[in-house]
Amino acid sequence: MAGAAMTTTFLAVIGGASLLAVTVRRLHPSDRLPSLEGWALADRGLGAGWTWLLLGGTVYTAYTFTAVPGLAYGNGASAFFAVPYTVIVCPLAFVLLSRLWEVARRHGYITAADFVRGRYGSPPLALVVALTGILATMPYLALQLLGIRAVLTAGGLYPPGAAGDLAMVAVFAGLAVATYRHGLRAPTVISALKAVAVFVSLTAVCWLVLDRFGGPGAVFDGAARALGGTDTAHSPLVLTPGQQPAYATLALGSALALLMYPHVLTAGFAADGTRTLRKVSAGLPAWTALLALFGFLGIAALAAGVRAPAGGAEAAVPMLVDRLMPGPLAGLVFGSIVVGALVPAAVMSIAAATSFVRNVYVEYVHPTATPKRQVRVAKAVSLTAKLGAVAFVFGLRDQDAINLQLLGGVWILQVFPAVAVGLYTRWLHPRALLAGWAVGMAAGTYLVVREGFSSIVPLVAGSPEIYAGVAALVLNLAVAVAATPVLARLGVPRGPDATDLPSRPRAGRRPPTGANNA
């Protein structure tokens, strides 16, 4: 069981998060009528500091901070694909996210499906983009709860039976209520606590590890011996030539997929201008460094002789923390990781609710819904999403959520042609994009399921393994490119373009750089 000092510190961190949620009222403009834009995007008014905290806190989830070191603990070098992946995200966000923000602000778009609807004039294409985003987000939301449970269990803070389940629900309930009332402003203010707590606690853990082992070289050598190698150069801590295609495609595909997730776009759309987003994109590598250090702790857990339970490698770092750190500091680390789950979980539920309201409810059910009614429905859907995630975690095996999340990453990548390519050219026909999306979804699902829910697959027997999402995306694009001229020759009409973007890139054209020009 957890010591009193650990429990006290842990509760203090969680209590601080709840207190910050109460202060959200101060950031709420009292002179504006309720609107979905105000609830879901904080009226697009976040400056560079708040956007950096929110976007970083949303992208770098608690499950990431436990799964990446868990993968390093179990598989070695391949886990560090997350570092180049999150580095690639930064220039992509600099270019794509700022351009998408510009169009969204000008036309009042709140979701990626809004943009697709306006760009291609195709309700079916917008619908599949919205539904794919919701489908990919829900297991991701459930994984945040799994991350909380793994941390609480490793720290002895998760009592067996119903008492443990109630403890996790209690941790989750405070932010759920604040999010219901205040929308995106709740996770925004709590992201500040997440950043401070995670950066401080991780620095303390790494310092203790290096002091204990005598430097990083000793850590890697100890991990190599634990994995059965004689030294670092001859162990799973170094990529083999056969692993390199999987490593490279997983890093690239994950980076392309990340910016298509509704919760990442929601955090980006809340910025107050394109200049803000570009500043934030340049500052995101600080969060990447944090992720690399968490991966290092997975290696340290190997060197320290931590024995994680079978199938529970994500508990390796919490177990290392429990072993090395005094009670108060261990409580700080556990509290930091749990708060690290609350921010993305809240943003995910907001993003899923917003996509449903804008692109399903208003489009197909109640086209004349007032802004006030849209907000009311979005709040209800957001709360339902959280309750569904809790029920999912309690009702199914952890591996079920992980398998669905693996599929979710493959699925969300299939909207990349419609969204990202559509920012620069409208040449692809919307029906060709629909056909490509269908082929990509089917092929990606087949490849992942065929390999026993592994996202790293060989295309054919004996070929190098690659990321299934990239293989499906290539098929998706091939079908869209091949079908476009066929549909044009058949005279199949396109919908109107309402975005004012050029059909093809124009040489020398520079987009506006500030909110006033959007």
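The basis for the numbers below is simple: all heavy atoms, side chains too, and nothing from hydrogens, waters or symmetry mates.
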Pick out which of Arg106, Arg105, Arg99 makes a salt bridge (Lys or Arg N to Asp or Glu O under 4.0 Å) with Glu102.
-> Arg106

Strictly by modelled atom types, are [X] and [Y] linked by a side-chain donor-acceptor pair under 3.5 Å?
X	Y	value
Thr288	Tyr60	yes
Thr445	Trp411	yes
Trp437	Thr132	yes

Spacing of [atom1] belonging to [X] relative to [atom2] belonging to [Y], to within rounding of 0.5 Å:
X	Y	atom1	atom2	result
Ile456	Glu451	CD1	CD	10.5 Å
His263	Leu184	NE2	CG	12.0 Å
Thr188	Leu55	OG1	CG	10.5 Å
Leu202	Leu291	CG	CG	10.0 Å

Under the side chain to side chain donor-acceptor pair (under 3.5 Å) test, which residues partner Asn359, sequence neighbours left out?
-> Thr111, Asp114

Do the non-hydrogen side-chain atoms of [X] and [Y] ever get within less than 4.5 Å of each other?
X	Y	answer
Phe334	Asp322	yes
Leu258	Tyr85	yes
Tyr109	Thr499	yes
Ser382	Trp39	yes
Leu127	Tyr364	yes

Where do [X] and [Y] come nearest, in terms of heavy atoms and distance?
X	Y	result
Ala126	Ala113	O-CB, 3.3 Å
Trp50	Val189	CZ3-CA, 3.7 Å
Ala286	Trp52	CB-CZ2, 3.9 Å
Pro187	Thr179	CD-OG1, 4.2 Å
Leu46	Thr51	O-OG1, 3.2 Å
Pro262	Thr137	CD-OG1, 3.5 Å

Sidechain-backbone polar pair: Ser98 side chain, Thr274 backbone, donor-acceptor under 3.5 Å | no

Sub-3.5 Å donor-acceptor pair from the side chain of Ser349 to the main-chain atoms of Ala346, do we have one?
-> yes

Any residue meeting side-chain contact (heavy atoms from CB on, under 4.5 Å) with Ser336, in chain and number order, not counting sequence neighbours | Ala197, Val198, Ser201, Leu332

Other residues, nucleotides, ligands: >12 heavy atoms within 6.0 Å of Lys279 NZ | no

Ring center gap for Phe199 and Trp287 short of 6.0 angstrom = yes

